[in-house]
Trainee: 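Let me give you the structure first, and then I'll get to my questions.
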Amino acid sequence: MQSVRIPEVTDDPSVDIALDTVAKGKQALVFVTSKRSAEKTAEDIARKLKGKQEGLARQLLTALSRPTKQCERLAKCASRGAVFHHAGLAQKQRDLIETAFREGKLGVIVCTPTLAYGVNLPSFRTIVKSVKRYESGRGLRWIPVLEYLQYAGRSGRPDFHDDHGEAVLIASSEPEAEELLERYVHGQPEEIYSKLAVEPVLRMHLLALIASGTVRSTSSILSFFERTFWAHQFKDMDKLTTVVDRTLRRLEEWGFITMASSDFVSADELEERGVRPTSLGMRVAQLYLDPLTAHQLILGLGSHRGLSAFAALQLLSSTLEMRPALRVKVKEYDLIQDALLQHHDKLLVEEPTLYDEEYDAFLASVKTALMLHEWTEEKDEPYLLETFDVRPGELKVKLQTADWLLYAMVELCKLLGFKELLAELMKIRVRLEYGVREELLPLLKLKGIGRVRSRQLFAAGFKTVGHLKAAPAGALERVLGEKLGQSVREQLEGKTPREQKPEQQASLSGY
DNA sequence: GGACGGTGAAACTTCAGGTTGCCTC
DNA sequence: GAAGTTTCACCGTCC
């Protein structure tokens, strides 16, 4: 076997190989299995590089309205030509990095699996620093061969006239090198398995089939599933029948479907019965909610009539859709317990006892709710990163999902006649979208006015549209600048109203 | 004698990502 | 299970 010597500059071979790649005038992607490791490895590499990418560094630093610690670290690395890349970065930063790498401005990207899927970002070398990843409850696990192949597949840039690429696996010893060679280089990729029989998946598909009228009886349900990949793969309809049966009963219990009573019962087959969606079931299917989530939301919304923003956020934070909820770290226990104590009596979800298995998950939902709530209290990204260890990219994803669930909650309330909750839910939704306190809502009606400017206006004494209309000449311009001040003035005169979502209008019109 | 700083070992803590989902102007 | 971070004990130095 041919061997190549790489100069040893540090005690980390992946750093040395990355540096060697840059020294050859080529680029490298380094794959690691945690965000923290990505950041540290990138810093180790950057420290030894002498790139000059001040422009890129500045762009990365100022991607948010106020830079987080993460932004600062990223910018510092980038200025020398190496960066980290993971789901915690703001989308803008990811885009900047990907473009800069394609343009050859960056020598090295150290990343978690983010760059292995979706993004097409080839490099001369890919370096897989670690092939073991922690899975909760299972300890360290080998990453799948398929994942390794995704990594290795990123090496070589034919567009840049590379005649070959190099994929490097890092081993800590000779025996481990043998094992990696065996397992990953010569190994077979895993089989692909159908996940249809996994309950949440089946729940959704089953309700969708019934709601769309594709199936109307238990027998047509089974004959549908007989033709799926799941049945093809496992050839075990008995198991699927059992799961289908159980799921149907649950959907009926939850009020999403009705089943005609049956005259005959056979022991090992599903009883032949007619199946129809209820109007609630139809809506749940349209909303693409997991029926279990819909059920939990309905229970929660129905349990109390006085709805607090925190309680609503905690309710949605405890659903499957919001997973993974934010893990509560040791040093955060007090913070979470305080929040719990404060909001305890208004919660819509029953608190498990300390000894319950799901207690950790409950605390995680409280932490998630608390984080979202702080966002609606106008806390910014640097604060959320410091306080909850939530990075900007992760915040964005959570906000998106929460927005969708709030919409779903509104729709469910309409259908269930919980009219008194509607206004509050809509208000929370807008507050979450913009990250503002309730007092700013009236100002958000204006185009060009968001979280920051509405706060500026409010601080300057313009608290309502009425105040704005009564503003003396030049006053708005002093707060907002010439152009925007002018635009707001025109909007107030009714020339160019902001396009609005109907929910927003409904929720804002009350002010 | 005590404050301070540096060092290294031990103890402690944490651990990927994503797709679409709704509606609408 | 391992990497990375924090804590702590220990020692030497300086005022």
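Lettering follows sequence order; numbering is per chain, from 1. Hydrogens, waters and symmetry mates are skipped; everything else that's a heavy atom, side chains included, is used.
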Trainee: Starting at atom CG of Leu399(A), determine the distance to atom P of dT20(B), rounded to an integer number of angstrom.
Mentor: 18 Å
Trainee: Dump the pairs, protein N or O against N or O of nucleotides 14-17 of chain B, anything under 3.5 Å, distances to one decimal.
Mentor:
| unit_1 | atom_1 | unit_2 | atom_2 | d |
| --- | --- | --- | --- | --- |
| dT14(B) | OP2 | Val330(A) | N | 3.3 |
| dC15(B) | OP1 | Lys329(A) | NZ | 3.3 |
| dC15(B) | OP2 | Arg327(A) | NE | 3.1 |
| dA16(B) | OP1 | Lys35(A) | N | 2.9 |
| dA16(B) | O5' | Thr33(A) | O | 3.0 |
| dG17(B) | OP1 | Ala87(A) | N | 3.0 |
| dG17(B) | OP1 | Thr112(A) | OG1 | 2.9 |
| dG17(B) | OP2 | Lys35(A) | NZ | 2.6 |

Trainee: Look at atom CE of Met282(A) and say whether more than 12 heavy atoms of other residues, nucleotides or ligands are closer to it than 6.0 Å.
Mentor: no
Trainee: From OH of Tyr407(A) over to P of dT24(B), roughly how many Å is that when rounded to an integer?
Mentor: 7 Å
Trainee: May I ask which nucleotide in the shown strands pairs with dG1(C), Watson-Crick or G-U wobble, both distances under 3.5 Å?
Mentor: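 Checking every strand shown, dG1(C) finds its partner in dC15(B), with both distances under 3.5 Å.
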Trainee: For nucleotides dA16(B) and dT5(C), find the distance between their P atoms and express it as a whole number of Å.
Mentor: 13 Å
Trainee: What is the distance, rounded to the nearest whole Å, between atom CG of Leu405(A) and atom P of dC23(B)?
Mentor: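 Roughly 14 Å, once rounded to whole Å.
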Trainee: Should the pair Phe256(A) and Trp254(A) be assigned to parallel (<30°), tilted (30 to 60°) or perpendicular (>60°) ring geometry?
Mentor: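 Aromatic pair Phe256(A)/Trp254(A) classed perpendicular.
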Trainee: Nearest whole Å is fine: how far is dT20(B) P from Met322(A) CE?
Mentor: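 For the pair Met322(A) CE and dT20(B) P, the rounded distance is 18 Å.
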Trainee: Quick one: do Arg47(A) and Asp44(A) make a salt bridge, cutoff under 4.0 Å?
Mentor: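 Result for this pair is yes, salt bridge flagged.
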Trainee: Can you measure Met409(A) atom CE to dC23(B) atom P for me and round it to whole angstrom units?
Mentor: 18 Å
Trainee: Nearest 0.5 Å, what's the CD-NZ distance between Gln491(A) and Lys445(A)?
Mentor: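 Between atom CD of Gln491(A) and atom NZ of Lys445(A) there are 12.0 Å.
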Trainee: Whole Å only: how far is the CE atom of Met204(A) from the C1' atom of dG21(B)?
Mentor: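 So the CE-C1' distance, Met204(A) to dG21(B), works out to 7 Å.
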Trainee: Name the first nucleotide and the last nucleotide along DNA chain C (5' to 3') that come under 4.0 Å of a heavy atom in chain A.
Mentor: dG1(C) to dT5(C)
Trainee: Give the rounded distance in Å between these two atoms: CG of Leu297(A) and C1' of dG21(B).
Mentor: 13 Å
Trainee: Given atom CG of Leu287(A) and atom C1' of dT24(B), what is their separation to the nearest angstrom?
Mentor: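 So the two atoms are 15 Å apart, to the nearest Å.
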Trainee: Which one of Thr247(A), Asp290(A), Thr293(A) satisfies the side-chain hydrogen bond (donor to acceptor under 3.5 Å, both in side chains) criterion with Arg203(A)?
Mentor: Asp290(A)
Trainee: Among Leu313(A), Val397(A), Thr401(A), exactly one meets side-chain contact (heavy atoms from CB on, under 4.5 Å) together with Met322(A). Which residue is that?
Mentor: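 The side-chain contact (heavy atoms from CB on, under 4.5 Å) with Met322(A) is passed solely by Thr401(A) among Leu313(A), Val397(A), Thr401(A).
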Trainee: Would you compute the distance between atom CG of Leu240(A) and atom CH2 of Trp230(A) and round it to the nearest 0.5 angstrom?
Mentor: 4.5 Å
Trainee: Does Glu424(A) pair with Lys427(A) as a salt bridge, N-O distance under 4.0 Å?
Mentor: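 Between Lys427(A) and Glu424(A) there is a salt bridge, with a charged N closer than 4.0 Å to a carboxylate O.
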Trainee: Over 60° means perpendicular and under 30° means parallel, so classify the ring planes of Tyr383(A) and Phe388(A), tilted if in between.
Mentor: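 Phe388(A) and Tyr383(A): perpendicular rings.
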